[in-house]
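Being a predicted model, the structure only gives us computed values, none of them experimental. One is the number of the first residue; the rest follow in order along the sequence.
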Amino acid sequence: SLWDGPEDTVQYLRSLAGRLMALDTWIHRAQANQIYKSAGLDLSEIFRPGTFLNALRQETARQMKCSMDGLKFVCWWKGVNYSTNHNITITVGELYLEGCTFDGKHLSENERNSSTVAAIPVCTMAWVAKSAEDPYPVQDCIALPLYYSSDRQRLVTRISVPCSGKTNKWTQCGAALFLKQM
């Protein structure tokens, strides 16, 4: 492929135009110092979401006066009382799950009539010290891949999702997260 994105030229140009329009919103947020305070960032609106998350990691390390290697990535959903000790947090929306459903508390199997891909609730993400407690017990979570698109070609990161400890079940059903398609 000559570029990152859809193979179809028209679809690629549409996604490019959508990102360029969204870029204006991101610029206004940045100028107003509101990126970290936004109610639901859509990572699909930026060209390199992995780079954005790494920049968040760098900024967190700078604020905490520690190395980037001393940080871990955490994610949690509404209803979880998790303190990051004033680290930078972002609220992210427009994430989609394939292979199962997620209600913000735990994964569950798809019903016969449910869509194969469904939106998940808005979540909060942050980089915290490796020694910090996790938002959920590690044994009750699975690290699902977050892909740039549904073709699963480009990995953005892995997100720890509560699953009641049945990790093999969700691996076998091919559970994965995706950014919204522009």
Side-chain angles (χ1 to χ4, degrees), residues 4-8 11 14-15 18-19 22 25-26 35-50 52-54 56-57 72-84 87-128 132-182:
D4 285 338
E7 296 280 331
D8 178 35
Q11 187 181 0
R14 281 190 184 128
S15 72
R19 283 186 180 85
T25 304
W26 282 78
I35 287 182
Y36 303 134
K37 298 173 186 154
S38 188
L41 295 174
D42 181 355
L43 296 178
S44 71
E45 293 177 340
I46 53 181
F47 291 98
R48 302 271 188 224
F52 173 77
L53 293 175
N54 197 45
L56 178 67
R57 182 181 181 192
K72 65 180 175 182
F73 188 65
V74 294
C75 180
W76 65 97
W77 282 265
K78 187 177 179 178
V80 173
N81 188 17
Y82 185 71
S83 172
T84 61
N87 289 6
I88 301 169
T89 61
I90 56 171
T91 305
V92 177
E94 299 296 335
L95 297 179
Y96 294 84
L97 177 64
E98 182 177 47
C100 52
T101 57
F102 182 66
D103 62 4
K105 295 181 181 163
H106 56 81
L107 293 173
S108 57
E109 290 184 35
N110 280 338
E111 300 294 323
R112 289 181 195 194
N113 59 350
S114 60
S115 174
T116 57
V117 177
I120 65 168
V122 171
C123 64
T124 304
M125 299 176 175
W127 288 94
V128 299
E133 192 173 315
D134 289 308
Y136 303 98
V138 175
Q139 67 274 11
D140 292 340
C141 292
I142 184 170
L144 291 181
L146 171 61
Y147 291 104
Y148 192 74
S149 65
S150 59
D151 65 10
R152 299 183 185 213
Q153 295 295 312
R154 230 168 88 202
L155 181 69
V156 175
T157 190
R158 292 189 172 274
I159 295 178
S160 191
V161 180
C163 69
S164 305
K166 302 171 187 170
T167 58
N168 287 343
K169 177 181 183 178
W170 308 116
T171 302
Q172 289 172 352
C173 75
L177 294 161
F178 309 99
L179 300 177
K180 177 180 82 175
Q181 299 301 295
M182 298 278 303

> Is there a donor-acceptor pair closer than 3.5 Å between any side-chain N or O of K169 and the backbone N or O of E109?
Replying inline: no
> Is the side chain of T89 donor-acceptor paired with the backbone N or O of A126 at a distance under 3.5 Å, no angle test?
Replying inline: no
> Got a sec, which residues hit salt bridge (Lys or Arg N to Asp or Glu O under 4.0 Å) with E94, two or more places apart in sequence or on another chain?
Replying inline: none
> Which class fits the ring pair F102 and W77: parallel under 30°, tilted 30 to 60°, perpendicular over 60°?
Replying inline: perpendicular
> Side chains of V92 and V122: does their closest heavy-atom pair fall under 4.5 Å?
Replying inline: no
>> With heavy-atom distances below 4.5 Å as the criterion, would you say the side chains of D134 and S160 are in contact?
In response: no
> Taking the side chain as C-beta and beyond, is there a heavy-atom pair between L97 and L107 under 4.5 Å?
Replying inline: yes
> Within the side chain of W127, is there an N or O that forms a donor-acceptor pair under 3.5 Å with the backbone of L53?
Replying inline: yes
> Are any non-hydrogen side-chain atoms of D140 and P162 less than 4.5 angstrom apart?
Replying inline: no
> Any donor-acceptor pair under 3.5 Å linking the side chain of D103 with the backbone of H106?
Replying inline: yes
> Does any non-hydrogen side-chain atom of T124 lie less than 4.5 Å from one of Y82?
Replying inline: no
>> Please determine whether the number of non-hydrogen atoms from other residues, nucleotides or ligands lying under 6.0 Å from atom CD of E111 exceeds 12.
In response: no
>> Within the 4.5 Å heavy-atom criterion, are V117 and S150 side-chain neighbours or not?
In response: no
> Does some side-chain heavy atom of F73 sit less than 4.5 Å from a side-chain heavy atom of M125?
Replying inline: yes
>> My understanding is that only residues two or more places apart in sequence, or in another chain, count here; which of them pass salt bridge (Lys or Arg N to Asp or Glu O under 4.0 Å) with E133?
In response: none
